[in-house]
Amino acid sequence: MLDPRTTTHDDLRSGTGPWRPGLQRPPGRPLERDMRCDVAIVGAGITGAFLAEHLSARGLEVVVIDREREGFGSTAASTAMLQWEIDLSLRDLAALYGFERAAEIYRLSFEAVGGLARLVGELALPCGFARRETVYLAAGEIGPRELIEEAALRERAGLPGQYLEHAALLSGFGFDRAGAIVSPGSAEADPLCLCHGLLAAAARRGARLVRDEVVAYDDAGRAAAVSLSGGATVEAAHLVLATGYVMPDCVSDDLHEMASSWAIATVPQPPQALWRGRALVWEASRDYCYSRTTPDGRIIFGGGETYSRRDPADIFAFVRRHLLKVYPALAGTRIDHAWGGTLAVTVNRLPFLRRVRPGIYAASGYSGQGVALAPFGGKIIAEAILGNPGRLDSFAALPCPRFPGGKLLRWPALVAGMSWYALRDRI
Ligand SMILES: Cc1cc2nc3c(=O)[nH]c(=O)nc-3n(C[C@H](O)[C@H](O)[C@H](O)COP(=O)(O)OP(=O)(O)OC[C@H]3O[C@@H](n4cnc5c(N)ncnc54)[C@H](O)[C@@H]3O)c2cc1C
């Protein structure tokens with residue numbers, strides 16, 4: 001079990017990714033004396049950063065508290081594919097909640113990624129942000145029939161995209177698969193720079209970044225208060241727990257399960273080695289894999305919730321097999337970065353957004369989409385803080401299937417004990 005008191009960034013991820021700290025990163029500072037604010041956010045990963053930017057832009061006095069370097073938790077492990085397509089297909093989500101609710105969630109996610117694109121433009125954040133198409137490939141148990149059905153449901157929901165059959169996919173993208181859904185409206189970024197840029201924007205509006213550990217929560221009074229290990233107290237009208245995978249005991253639940261995932265990045269490739277439009281490519285199968293590119297031409301490739309892979313040789317064989325199947329030209333290319341990190345997965349692949357007590361909110365459990373869905377969750381929590389809890393209440397009321405057997409933890413062996421260096425070889 002992850003102990004919220006002792007889990008550090010080094011427990012959450014290992015190895016090194018290609019991301020660079022944002023140049024504008026405002027450093028957190030210890031708090032000398034007690035203070036009050038409108039909103040205290042615990043956790044300065046992408047979830048906390050997005051909320052801090054959003055709420056400070058609306059004139060609220062915000063304090064963001066993190067016990068370690070901002071953004072260097074799970075956020076730094078992300079491959080930052082900012083897809084509006086949720087890990088659970090619209091078809092599967094509709095089977096859980098009915099078509100109208102599922103379509104509404106998908107539309108909200110689509111708007112949230114579009115809103116993030118506008119925000120990055122307005123703030124001129126230097127974070128490698130680029131709009132991208134997604135190519136959702138048929139694989140494993142999801143074949144053309146299922147993808148055609150999914151494309152039809154998306155069209156009915158008012159979402160963009162089209163199904164491409166084998167010949168069109170091969171001639172358009174060079175992917176030799178039975179079919180795919182190609183959709184506009186997603187994006188990519190450097191997650192660390194994005195997180196730091198959002199925090200810097202919040203700080204310019206007066207948000208305060210505190211480097212300290214929250215050791216106690218108190219919701220007995222009219223406001224919520226947190227005690228810091230340095231001795232000071234922050235009292236806030238609203239408190240948001242954006243602590244990633246180290247949720248305090250008061251929000252323990254059996255809706256998440258912790259899993260691990262990994263990714264690699266190749267050395268920079270010449271432009272002709274990359275596919276059309278540098279789309280975000282992902283597979284529909286259960287044991288899926290995905291890829292994107294970086295501004296300097298690296299190919300990032302990752303596996304889904306492949307927690308059973310704990311051996312570098314096993315991961316290397318998987319990378320080789322899958323990458324070469326889709327991009328045969330990569331034979332002989334060197335892997336430059338390899339890393340792993342945690343995922344808090346929910347059965348419905350939707351974030352865990354709740355009011356856990358009056359004035360105290362939780363935003364976590366983002367499955368493999370915490371960077372993409374941070375604006376989605378942040379907007380819903382922010383609406384509630386600003387006095388309009390309708391969407392949060394209806395989101396929280398969705399019956400969430402539980403993992404059989406309750407909360408599991410399957411990740412630390414992979415992340416903590418992995419020799420990532422062994423993966424830095426030629427494919
Ligand atoms: C290999 C991999 C690939 C991924 N790829 C993608 C992807 O392509 N797209 C995508 O959208 N998502 C992806 N994700 C998921 C994404 O990285 C996470 O969902 C997201 O970063 C979670 O951000 P967070 O802010 O909630 O958590 P974190 O970044 O972990 O931030 C939480 C912060 O809370 C702080 N904290 C905790 N407890 C306390 C305390 N008591 N006091 C003070 N501070 C505290 C921690 O120090 C930490 O900095 C991927 C994840 C992995 C592992």
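The model shown is predicted, which means the values in this text are computed figures rather than measured ones.
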Name the atoms and distances for all side-chain donor-acceptor pairs under 3.5 Å in residues 197-211, with sequence neighbours left out.
residue, atom, partner, partner atom, Å
Arg205, NH1, Glu53, O, 3.1
Arg205, NH1, Glu53, OE2, 3.3
Arg205, NH1, Ser56, OG, 3.0
Arg205, NH2, Glu53, OE2, 2.8
Arg211, NE, Glu68, O, 3.2
Arg211, NH2, Glu70, OE1, 3.0
Arg211, NH2, Glu70, OE2, 3.2

Val371 versus Ser78, closest heavy-atom pair with distance: CG2-OG, 3.3 Å

Non-neighbouring partners of Phe301 that pass ring-ring contact (aromatic ring centres under 6.0 Å, His included), sequence neighbours left out: none

Asp87 (side chain) donor-acceptor with Gln369 (main chain) under 3.5 angstrom: no

Atom pair OH (Tyr290) and OG (Ser261), whose distance is rounded to the nearest 0.5 Å: 4.5 Å

Separation between CD1 of Ile381 and OG1 of Thr47, rounded to the nearest 0.5 Å: 10.0 Å

Neighbour count >12 (heavy atoms, 6.0 Å) for atom CZ, Arg131: yes

Pair Arg278 + Glu188, salt bridge at N-O below 4.0 Å: no

Qualifying residues under salt bridge (charged side-chain N to carboxylate O under 4.0 Å, His left out), relative to Glu149, sequence neighbours excluded: Arg91

Distance-only side-chain donor-acceptor flag, Thr294 / Asp296, under 3.5 Å: yes

From CA spacing to verdict: salt bridge (Lys or Arg N to Asp or Glu O under 4.0 Å), Arg101, Glu104: CA-CA 5 Å; Arg101 293 305 303 279; Glu104 188 190 329; 3.7 Å; yes

Between Tyr327 and Thr333: side-chain donor-acceptor atoms closer than 3.5 Å: no

Asp92: salt bridge (charged side-chain N to carboxylate O under 4.0 Å, His left out) partners, not counting sequence neighbours: none

Salt bridge (charged side-chain N to carboxylate O under 4.0 Å, His left out) partners for Glu150, two or more places apart: Arg154

Pairs touching residues 74-109 that satisfy ring-ring contact (aromatic ring centres under 6.0 Å, His included), sequence neighbours left out: Trp84-Phe110

Arg36 atom CZ, neighbour heavy-atom count above 12 within 6.0 Å: no

